[in-house]
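The first residue of the sequence shown is numbered 1, and numbering continues consecutively from there.
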Amino acid sequence: MRGGRRLFPLLLLALLRGLCHGREAAPGAVTCGSVLKLLNTRHNVRLHSHEVKYGSGSGQQSVTGVEASDDANSYWRIRGKSDGSCQRGTPVKCGQAIRLTHVNTGKNLHTHHFPSPLSNNQEVSAFGDDGEGDDLDIWAVQCSGTYWEREDAVRFKHVGTEVFLSITGEQYGHPIRGQREVHGMPAANHHNYWKAMEGVFIKPSTDTAKHDEL
């Protein structure tokens with residue numbers, strides 16, 4: 001009995017340490033419900049969309065890369081594969097399936113078996129209405145740890161077609177001159193690394209937000 005009394009404080013201390021360790025792991029993570037910009041680390045452009053449709057392929061809303069860091073059309077909201085699967089403020093795990101919803105138009109980041117207009121890779125578009133599209137809006141976050149950390153470069157692999165969200169540098173002319181083509185590539189390489197940048201990051205397990213820029 002006396003040994004049990006000594007053991008209990010040790011178990012409690014170990015539990016508290018475990019809880020503290022969990023809290024330390026989460027604040028740097030990207031969380032469900034956060035609104036952010038995504039930077040392609042190879043080409044230094046941010047993922048972008050706007051009410052300009054492709055003139056070929058699917059004819060859906062185009063997705064591009066832009067150099068400007070202050071463009072309001074570059075914000076995306078992190079959502080779950082389905083409603084309720086990504087609770088607000090929950091850290092996004094490596095391997096988790098998510099949707100990226102374009103804030104200004106309410107369309108989801110999407111890809112399908114259409115050729116992209118410049119590089120002939122796989123077209124990436126923005127699709128749906130008010131955040132609701134279809135199964136081709138689902139992407140898996142590929143990273144090396146437990147969570148998608150804000151300081152890490154990650155990949156987005158499309159669940160339906162298994163391509164990676166990529167940029168290889170091709171530039172559009174009129175009416176979106178200078179913007180880069182965003183497309184899907186079958187191979188993981190240095191063209192498909194992305195990093196979380198400016199945005200509003202929901203703190204884990206709370207309803208408050210940390211505002212970096214918005």
Side-chain angles (χ1 to χ4, degrees), residues 30 34-78 98-128 133 136-143 148 150-199 212-214:
V30 173
S34 294
V35 173
L36 50 74
K37 295 181 180 181
L38 291 167
L39 178 75
N40 183 281
T41 59
R42 173 70 175 181
H43 298 279
N44 201 37
V45 293
R46 286 161 174 77
L47 188 69
H48 178 91
S49 191
H50 40 220
E51 292 181 346
V52 177
K53 295 182 178 180
Y54 287 119
S56 60
S58 68
Q60 294 175 3
Q61 183 170 300
S62 59
V63 173
T64 63
V66 297
E67 293 181 354
S69 62
D70 59 352
D71 195 309
N73 273 319
S74 299
Y75 284 110
W76 301 82
R77 186 179 302 278
I78 308 298
I98 64 168
R99 289 177 290 179
L100 291 163
T101 302
H102 188 243
V103 171
N104 280 357
T105 64
K107 297 183 182 296
N108 296 326
L109 189 70
H110 180 95
T111 189
H112 39 214
H113 293 296
F114 286 93
S116 60
L118 301 182
S119 66
N120 207 39
N121 284 296
Q122 186 165 298
E123 180 192 277
V124 170
S125 65
F127 174 75
L136 293 177
D137 300 340
I138 310 300
W139 302 79
V141 181
Q142 290 198 339
C143 44
W148 172 10
R150 287 171 56 183
E151 67 269 20
D152 293 341
V154 304
R155 291 188 174 101
F156 299 99
K157 186 174 184 179
H158 191 245
V159 173
T161 65
E162 299 188 338
V163 297
F164 294 91
L165 183 68
S166 306
I167 292 178
T168 50
E170 295 84 3
Q171 293 191 19
Y172 287 105
H174 182 78
I176 50 175
R177 185 176 304 278
Q179 296 186 22
R180 310 292 180 89
E181 180 187 82
V182 174
H183 50 246
M185 299 183 72
N189 55 49
H190 54 275
H191 295 294
N192 36 59
Y193 276 118
W194 300 84
K195 185 176 180 181
M197 298 298 288
E198 306 84 2
D212 279 5
E213 183 255 329
L214 184 58

If we ignore angles and hydrogens, is there a donor and acceptor under 3.5 Å between the side chains of [X] and [Y]?
| X | Y | value |
| --- | --- | --- |
| Ser74 | His48 | yes |
| Ser62 | His50 | yes |
| Glu170 | Ser119 | no |
| Ser69 | Glu198 | no |

So does [Y] get a backbone contact from the side chain of [X], meaning a donor-acceptor N/O pair under 3.5 Å?
| X | Y | result |
| --- | --- | --- |
| Glu123 | Ser58 | yes |
| Tyr193 | Asp152 | no |
| Lys157 | Ala188 | no |

Kindly give the heavy-atom pair with the smallest separation between [X] and [Y], and that separation in Å.
| X | Y | answer |
| --- | --- | --- |
| His190 | Arg155 | N-NH2, 4.5 Å |
| Asp137 | Phe127 | OD1-CD2, 3.9 Å |
| Val154 | Cys143 | CG1-CB, 3.7 Å |
| Asn73 | His102 | O-NE2, 2.7 Å |
| Val35 | Val103 | CG1-CG2, 3.7 Å |
| Thr64 | Ile176 | CG2-CD1, 3.8 Å |

**OP:** Take Gln61 and Ser49, measure what side chain to side chain donor-acceptor pair (under 3.5 Å) needs, and give me the verdict at the end.
**Re:** CA-CA 7 Å; Gln61 183 170 300; Ser49 191; 2.9 Å; yes
Subject >> ring pair (Phe, Tyr, Trp, His ring centres under 6.0 Å), paired with Phe156, selected from Trp139, Trp76, Trp148, Phe164 >> reply: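 Of all the options given, the one that passes is Trp148.
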Original post:
Quick one: does NZ or CZ of Arg177 land under 6.0 Å from the six-membered ring centre of Tyr172, within 45 degrees of the ring axis?
Top reply: no
What distance separates [X] [atom1] from [Y] [atom2], expressed to the nearest 0.5 Å?
| X | Y | atom1 | atom2 | value |
| --- | --- | --- | --- | --- |
| Asn121 | Ile167 | CG | CD1 | 12.0 Å |
| His112 | Gln122 | NE2 | CD | 7.5 Å |
| Leu109 | Leu165 | CG | CG | 5.5 Å |
| His191 | Thr41 | NE2 | OG1 | 10.5 Å |
| Ser166 | Glu181 | OG | CD | 10.5 Å |
| Leu136 | Asn108 | CG | CG | 11.0 Å |

Original post:
If you draw a 6.0 Å radius around CD in Gln171, do more than 12 non-hydrogen atoms from other residues or ligands fall strictly inside?
Top reply: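 Check passes, neighbour count above 12.
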Would you say the side chain of [Y] lies within less than 4.5 Å of the side chain of [X], judging by non-hydrogen atoms?
| X | Y | result |
| --- | --- | --- |
| His183 | Thr168 | yes |
| Arg99 | Ile138 | yes |
| Leu39 | Arg46 | yes |

Original post:
Going through the checks in order, is the side-chain contact (heavy atoms from CB on, under 4.5 Å) test met by Val30 and Val141?
Top reply: CA-CA 11 Å; Val30 173; Val141 181; over 6 Å; no
